[in-house]
Amino acid sequence: MSDKITIPAQGRDKDTILDELSKLHLKDIPWKEGRAWSMVYYVDEDHQDLLEKAYSSFFSENYLNPFAFQSLKKMELEVIQMTASLLHGDEHVTGTMTSGGTESIFLAVYTYRERAQKLFPQIKAPEIVASTTIHPAFEKAAHLLNIKVKKAAIDQNMRAQPAELAKLISPNTILIAASAPSYPHGVLDPIAEIAALALAKKLPFHVDCCIGGFMLPWVEKLGYPIAPFDFRVPGVTSISADAHKFGYGAKGASVLLYRSMNYLKHQFYVVTDWPGGIYASPTLLGSRPGGAIAATWSAMQALGQEGYLKIAREIMQATNELKEALEGIPEIIILGDPAMNIIAFSTINNQPDIFVIADQLEQKGWMLDRQQLPNSIHLTVMRHNIPVVNQYIADLKAAIDFAQKNPAAVAKGNAALYGLMARIPFRGMVETNVRHIFEELYDFSKSTSITEDEKPVSLPDPPRWMGELNRLLTTLAQLKSFWKKR
Ligand SMILES: Cc1ncc(COP(=O)(O)O)c(C=O)c1O
């Protein structure tokens, strides 16, 4: 067990602290070298410098009270309006900035629950209808708000199926949700068809554009075939678009838009009998970091439409190169028809095993998103990935070669672990194990000091995990034979 960590008795020297921070960075994935294909949305050093300066100039300001900070109010309203025009909203479209995709989705779910409670009080067990690829933020929100998410199967192109969604609609449905595009495969759900269903059933329809909201409009302007996905489509009642993704703002910024105040009004929360005074809050957070708003506003001012279009053009060119290279590898299959710069790929009939390939790529220093149902690898092509596309393809080909020559590797390393996790039919068992990982991560009686020079806390060693899973499998098998004997 490590020594107990406390706030240092005496303050430390500023330079030593900053030095330690830069050393801590050495433990992270070198994303600027293009080694990660998700999570960081980066333009260049100049833009980074602007974001940092803009953020710092509103570093201490707290947007808890918009009347105290007229500056932030102006910037928030302008970001909302700029986003609304990008997504073809009319003058009635309104919304709020939030801290990210998850908060935007949480608030949309909350808003529609509040609306349903007021307009349809007979609904006692509210439900959301979506497809299996919808972002987990919906389920998290629904869980917190005591709502059920009913999920419909996707088609073979990984798209939501309006007919399957329709089957799940009941008198308890309060919302339909779909993605433009979905995170796992980057495909666009058939928004117009789902919107028509929503209109026919008189239901609100949220389009999750968290990852696509600041990318699809430029991809469309570049001439790629993008079916309408935004406020042009009648029946779309709200859209979430993350400014901290392809809006190239600082982390902690998303925009949640509603077709009109008729919806947004249900989002506001007011407490009138608090000794601290009347408390009113438009979003989930209480204190709201001014820096994230200022950085997003500055990003939009600095890049302009021309800048966003230029970056989108470069990224899409690299995406096309990557796609062509992947299509040229006989073992590889791209899942669905990617709408923008997100590609998910696997191997045909999982031969050779995609997770063995992933292990090989990881050994070469690539950070991967491993996906399941079906097993696949996810890539979001960012600007900093452009110079390494060829290297990635070369390493991928070598990884395929290795996997073909070493079929036994499927039973080793992370390939075995993820393969097993993906195959286990009892998802509750998987959940229990993943929960254990978090428990270990935050169990300070076991974890070590972050200042020690050692590997960051990550997944526990596969053999221990495997052991636990095997134990659970054995217990289940025993239970099964017990019931059979009775
Ligand atoms: C489609 C989609 N929705 C929601 C989210 C959640 O966003 P955040 O991680 O900012 O909470 C993501 C994140 O990648 C996403 O891709």
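Both ligands and their constituent atoms are indexed starting at 1 by order of listing. Atoms considered below: every heavy atom in the structure, side chains included; atoms not considered: hydrogens, waters and symmetry mates.
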Original post:
Under the 3.5 angstrom rule, does the side chain of Asn157 hit a backbone N or O of Arg159 as a donor-acceptor pair?
Top reply: no

Original post:
Is it true that a side-chain atom of Thr237 and a backbone atom of Phe205 form a donor plus acceptor pair closer than 3.5 Å?
Top reply: yes

**OP:** Please determine, by modelled atom types, if Ser240 and His206 share a side-chain donor-acceptor pair under 3.5 angstrom.
**Re:** yes

**OP:** Answer yes if the side chains of Glu331 and Thr347 hold a donor-acceptor pair under 3.5 Å, and no otherwise.
**Re:** no

Looking only at protein heavy atoms, identify the closest one to [atom] and say how far it is in Å.
{"atom": "atom 11 (O) of ligand 1", "answer": "Thr102 OG1, 2.5 Å"}
{"atom": "atom 15 (C) of ligand 1", "answer": "His135 CD2, 3.5 Å"}
{"atom": "atom 7 (O) of ligand 1", "answer": "Lys245 NZ, 2.9 Å"}
{"atom": "atom 16 (O) of ligand 1", "answer": "Tyr183 CD1, 3.3 Å"}
{"atom": "atom 3 (N) of ligand 1", "answer": "Asp208 OD2, 2.7 Å"}

Original post:
Under a 4.0 Å heavy-atom limit, does Ala137 contact ligand 1 with its side chain, its backbone, both, or neither?
Top reply: neither

**OP:** Look only at interatomic distance and state if Gly101 has a nitrogen or oxygen under 3.5 Å from any nitrogen or oxygen of ligand 1.
**Re:** yes

Original post:
Can a salt bridge be assigned to the pair Glu362 and Arg370 using a cut-off of 4.0 Å between side-chain N and carboxylate O?
Top reply: yes

Subject >> Flag if over 12 foreign heavy atoms under 6.0 Å of CD, Gln70 >> reply: yes

Using a strict 4.0 Å cut-off to heavy atoms of [X], name the atoms of ligand 1 that fall inside it.
{"X": "Asp242", "result": "7 (O), 10 (O)"}
{"X": "Ile211", "result": "16 (O)"}
{"X": "His244", "result": "10 (O)"}

Subject >> Non-hydrogen side-chain atoms of Phe214 and Cys209 separated by less than 4.5 Å >> reply: no

